[in-house]
Amino acid sequence: METLITILVGVLVTVAVYLLLSKSLVRVILGTAILSHAVHLLLMTMGGLKKGAVPLLGENAENYADALPQALILTAIVISFAVTSFLLVLAYRTYKETGSDNLAVLRGFEDE
Amino acid sequence: MLTITIAIFIPFLAAIFVPFIYKRVRSRNIGWFVMAVPLTLFIALASFIPSVAGGKTYIHTISWIDSAGINFTTYLDGLSMIFGLLITGVGSLVILYSIYYLSEREALGRFYVYLLMFMGAMLGVIFSDNLMVLYVFWELTSISSFLLIAFWYHRKKSRSGAQKSMIITVSGGVGMLAGFIMLHTLTGSFSVREIIATIGQYTGESLFLPAMMLVLFGAFTKSAQFPFHIWLPDAMEAPTPVSAYLHSATMVKAGIYLVARFTPVFGGEAVWFYTVTGVGIFTLFWGSVNAVRQTDLKALLAYSTISQLGLIMSLFGLGSAALNGGYSADSVIYTQATFAALFHLINHSTFKGALFMVVGIVDHQVGTRDIRRLGGLMSLMPVTFTAAVIGSFSMAGLPPFNGFLSKEMFFESVLIIRNLDIFAMGPLWGSIIPVVAWIASVLTFVYSMIIVFQTFLGKHQPDRLDRKAVEAPVGMLVAPSILATFVVGIFFFPNIIGNYVLRPAMAAVYPPFKGAEGLVPHISAWHGFNAPILMTIGVVVLGALLYFFLRYWRGIYSIAPMRWNLDTVYNGLLLQLEKGSAFLTRTYMTGYLRDYLVYIFIFFIATAGGGLLWAGGFSIDLSNDASVTINEYIIILVMMGASVVILFAKSRITAILLNGVLGYSIAILFVVFRAPDLALTQIIVETVTTALFLLCFYFLPEWSKEKSTLSSKMGRGIIAISVGSVVTVLALVVQGNKMFESVSVYFEDAYELAGGKNIVNTILGDFRAFDTMLEVVVLFIAGIGVFTLIKLKAGKGDKDVEDQ
Amino acid sequence: MKINDVILQTVTKIVVFIILTFGVELFLSGHNNPGGGFIGGLVLSSAFVLLYLVFDIETVRKGIPFDFKKIAAFGALLAVGTGLGSVLFGSAFLTQTASHFNLPVFGETELSTVVLFEAGVALTVVGVVVTIILSISEDV
């Protein structure tokens, strides 16, 4: 399971990086969103998968799943939500002000 | 004693109140309030003189960052007493002088705030026992000095002078900080007293010498020693009270203080002896050579200050020889140099302070300080003239002024050093020091005479002066007169200073010699026709000759063109530095997001991937993997498929929906991985994010097919695949090699420790609540950011605010 | 832009209260069961967002006259403030305490300062999410 998820993380990171390197702002933002998905999965995998019960002490289980990555991911999800929404609005404003969402045009370059 | 700790903070507190008072009292009378501060502190400090003279020291500690060894420890001993008295005493007089010197049109409130800040910082430097605290105050003196030099900030020269002093003294301070940290590494303590007590066992360590050199670097930059002296003449752009205070009596003496304070630590080492003495002697010589050729009185005084600081510095170097081998009846003789240094330190503050004030008065009254335009002011400004004579003759080393006494002791010290048989001191080096010292003294005599005679004697040229020359108001004359009185008074009663002020200071510089016979000599003006007095007579004779024939030999200064000096080097370095950094920044800061991301990713591949290759850490252990069920396979395959399809999506709606597929699949995976909280959160966040994307897409342009060449696509693809594979391999390697026990077991006691049964939430709300709190703040900032981005629209009209 | 969709509006009126109740339930159960400040806050805000989607902004504003920016600010202040509270009692920053009380109606109940902290988190989340959505949709 861990290996499989890690390979999935690798695929997600590849896609995210490819999108991040594109010229369109929307693609860049999509890239960051996918990158945070990948990181959440990676964090999860680091704690070991399916190794115990749900981390609720009321379950009275022998051992519990690692709660620390879960707490970290919970924080990360909220932060990435904040960042994504901020970037979206930034792109939106940029488009309204300049009429373009192309980074190369914004910089003043012609197309390659 | 808490008193000393409070004394440091009183000037800062007063500085806070100055603007409020200045609002009410918008006149020069604000100065009286400010003057009360140093005067009170001076009296308070003076009340400690008897007990400190009796060998008592006061120490007070406020616990601060105890775990790092940084505490607010203040320490009052003989050495800090001298400096404390100078700072508060000269400070009071300078403020008194400034009340009359500065026009009421100036921003007096600002001026006194800076001045008080400086005073507090200076007191902090000398009373701090903890090196880190000392460093903070040290830099604070640089900053307040910067503000004071740039007080007339509309002048270009003021600004560049302030910048120069700031760059040089602050870089010295940073070097000193490194030295302090090395000392801490060696001895494990930041306390000067503790370092002095334990340094003996570390002198052989490899860090000892760098630490010494760095501390000296700090001291030399602050005390304007060659080749760092170049900032001092430019600092003369400051108002004259500032020059009198900072650049003659106090701030430049901070470096001297540092050397004195660290003499027990590093003294007795050959490197220390040669560096301090050599740099000091050369600075003495260089300063006096340059002083003679100046035509601006203040610049002349600046070079003379450099020269005199070099004299004091070299005396501390000579005196450190006594610490080699500890106390013996023979070595005590070398301590006399340090005694002379401390004595000259006081004398210099009195006569140089008076001279700066005199120059200020001349400038203030006639509107120029160019000696080519001055002359014949003696009968017009008799009181000023008297003070000038007293100050200059004292500087030249003539009786009956205090400079004579310390100059004699200086000659004696440089002569004694010829007998030194340690540090491979051959007859050659032993003779060079007295010769250079003597030549420098001759030149000192010459420029002292220039100050008096070219300003006050000779032909009066009223047509070349801006204003008609009249004597200054009484208030302005009080401060220099008091200093001049000290100059004469110390000559007649030197042993009061010797016994009450210098004795405890000597004990502080020479801990092993404490109470030894001969440490504090009896100062007397006349001790027969010995070598020093003959040297002084020689100085006067040759100096007088040189002065009279000045116009015939001044030409030698024009042999070496003016631009061949250290200022050119400094300006060139600064220019090259700016050019270089501008070039470097332009090269890699393209302003194009993709370039920056490429830097980041390539760096990641190089360090993480390269690190893996280099360390050869490919041991992947898959034996601990959990089993995979068929529906988990399906989810993962769906995710992989969805992510790849995003790249080829024709419309953005497809892309967003595919992203949603990823998000919801992850939520399902969270359920599989026993993380209900995460699954819940992920579902809701994904919903809101998708809604947001759709909302924004309503306004954004349709996602056009990217027009890019195949090679650029290939480049992106290669980077993306490399990053992806490095991440995968790295993660697999990390999973296969558990080097530590997991800390998570600790959190399983959540109910006992935090009273909650949901471990994840106890971590969020209790164990690591700090993360959560900051995260909430980040979320809030993002919300505000979004709101501001949308609501606040910069109109076209105020677009060019920056350009105006 | 007046939306008139009777079925959606009628259903929403009921559903919103179910969502709100669910959100509060999630928020309160967070200490021992799945839930907590974030999720509670997100569920609550989704209820508000639903309201704004179904009815138009002006109508909802009449019904819920809060400034959500202020709610977010208050939440952040509460989260930071509970941390400072423990400093006043001589403990480290953000130390939480909990103890059991016997309350008339609820019986044996656990009261904890974490609830205050989590309330701060929840309020911030509600405030920020609604602010973001509102700002964008208003800016047409």
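Just so we're on the same page: letters track the sequence lines, and every chain starts at 1. Computation of the quantities below employed the complete heavy-atom set of this structure, encompassing side-chain atoms and omitting hydrogens, waters and symmetry-equivalent molecules.
- The CD atom of A:Gln70 sits 5.0 Å away from the CG atom of B:Leu678 when rounded to the nearest 0.5 Å.
- Between chain B and the options A:Val83, A:Ile7, A:Val28, heavy-atom pairs under 4.5 Å are most frequent for A:Ile7.
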> Between B:Phe601 and A:Leu20, is a side-chain contact (heavy atoms from CB on, under 4.5 Å) present by the stated rule, with each step listed?
Replying inline: CA-CA 11 Å; B:Phe601 290 135; A:Leu20 278 174; 3.7 Å; yes

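- Between B:Leu593 and A:Lys23, every side-chain heavy-atom pair lies at or beyond the 4.5 Å cut-off.
- The two residues A:Met44 and B:Phe673 have their closest heavy-atom pair at CG-CD1, 3.6 Å.
- Residue B:Ile666 holds its CD1 atom at 8.0 Å from OG of A:Ser36, rounded to the nearest 0.5 Å.
- For the pair B:Glu686/A:Phe81, no side-chain contact is recorded, criterion being any heavy-atom separation below 4.5 Å from C-beta on.
- One distance of note links CD of B:Gln682 with CD1 of A:Ile77; it measures 4.5 Å at 0.5 Å rounding.
- At a 4.5 Å heavy-atom cutoff, B:Leu637 makes no contact with chain A through either its backbone or its side chain.
- Taken to the nearest 0.5 Å, the OG1 atom of B:Thr772 stands 8.5 Å off from the CG atom of A:Leu74.
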Quick one: side chains of residues 638-647 of chain B, donor-acceptor pairs under 3.5 Å with protein atoms, not counting sequence neighbours, listed by atom name and distance.
residue  : atom : partner  : partner atom : Å
B:Ser643 : OG   : B:Met639 : O            : 3.2
B:Ser643 : OG   : B:Met640 : O            : 2.7

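- Residue B:Val776 does not touch chain A at all, counting heavy-atom pairs closer than 4.5 Å.
- Summarising the local packing, OH of B:Tyr599 is surrounded by more than 12 heavy atoms from other residues, nucleotides or ligands at distances under 6.0 Å.
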>> Pair A:Val89, B:Phe787 - check side-chain contact (heavy atoms from CB on, under 4.5 Å), show working.
In response: CA-CA 9 Å; A:Val89 175; B:Phe787 182 75; over 6 Å; no

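- For A:Thr84, the part lying near chain B is the side chain, with the backbone staying farther off; criterion is any non-hydrogen pair under 4.5 Å.
- Interatomic distance, CG of A:Leu72 versus CG of B:Asp771, reported as 7.5 Å (0.5 Å rounding).
- Contacts between A:Ser80 and chain B at a heavy-atom distance below 4.5 Å are absent for every atom of the residue.
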>> Quick one, B:Arg652 with A:Leu30, criterion side-chain contact (heavy atoms from CB on, under 4.5 Å). Give me CA distance, side-chain angles, the key distance, then yes/no.
In response: CA-CA 10 Å; B:Arg652 56 188 187 188; A:Leu30 202 59; over 6 Å; no

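- Taking each heavy atom of B:Ile759 and A:Ala67 in turn, the nearest pair found is CG2-CB, 3.3 Å.
- For B:Val786, the parts lying near chain A are the backbone and the side chain together; criterion is any non-hydrogen pair under 4.5 Å.
- The two residues B:Gly724 and A:Thr14 have their closest heavy-atom pair at CA-OG1, 3.4 Å.
- By number of non-hydrogen pairs under 4.5 angstrom with chain B, the leading residue of A:Leu90, A:Val9, A:Leu42 is A:Leu90.
- Residue A:Leu25: no heavy atom, backbone or side chain, is found under 4.5 Å from chain B.
- Residues A:Ile29 and B:Phe693 meet the side-chain proximity criterion, which asks for heavy atoms closer than 4.5 Å.
- Scanning for salt bridge (charged side-chain N to carboxylate O under 4.0 Å, His left out) contacts around B:Glu775 gives an empty result, with sequence neighbours left out.
- Taking the side chain as every heavy atom from C-beta outward, B:Tyr633 and A:Leu4 approach each other to under 4.5 Å.
- Looking at every heavy atom in both residues, A:Tyr18 comes nearest to B:Ala720 through N-CB, 3.7 Å.
- Of the listed residues (A:Val13, A:Leu21, A:Thr3, A:Ile73), the greatest number of heavy-atom pairs within a distance under 4.5 Å of chain B belongs to A:Leu21.
- Top candidate by heavy-atom pairs under 4.5 Å with chain B, chosen from A:Val78, A:Val11, A:Ile5, A:Leu88, is A:Leu88.
- Looking only at side-chain heavy atoms (C-beta outward), B:Ile790 and A:Tyr92 come within less than 4.5 Å of each other.
- Of all the heavy atoms in A:Ser85 and B:Leu692, the pair that sits closest is CB-CD1, 3.4 Å.
- In this structure, chain A has no heavy atom under 4.5 Å from any part of B:Val726.
- Contacts between A:Leu41 and chain B at a heavy-atom distance below 4.5 Å involve the side chain alone, from C-beta outward.
- In terms of heavy-atom proximity, B:Arg674 sits nearest to A:Ala65 at CB-CB, 4.1 Å.
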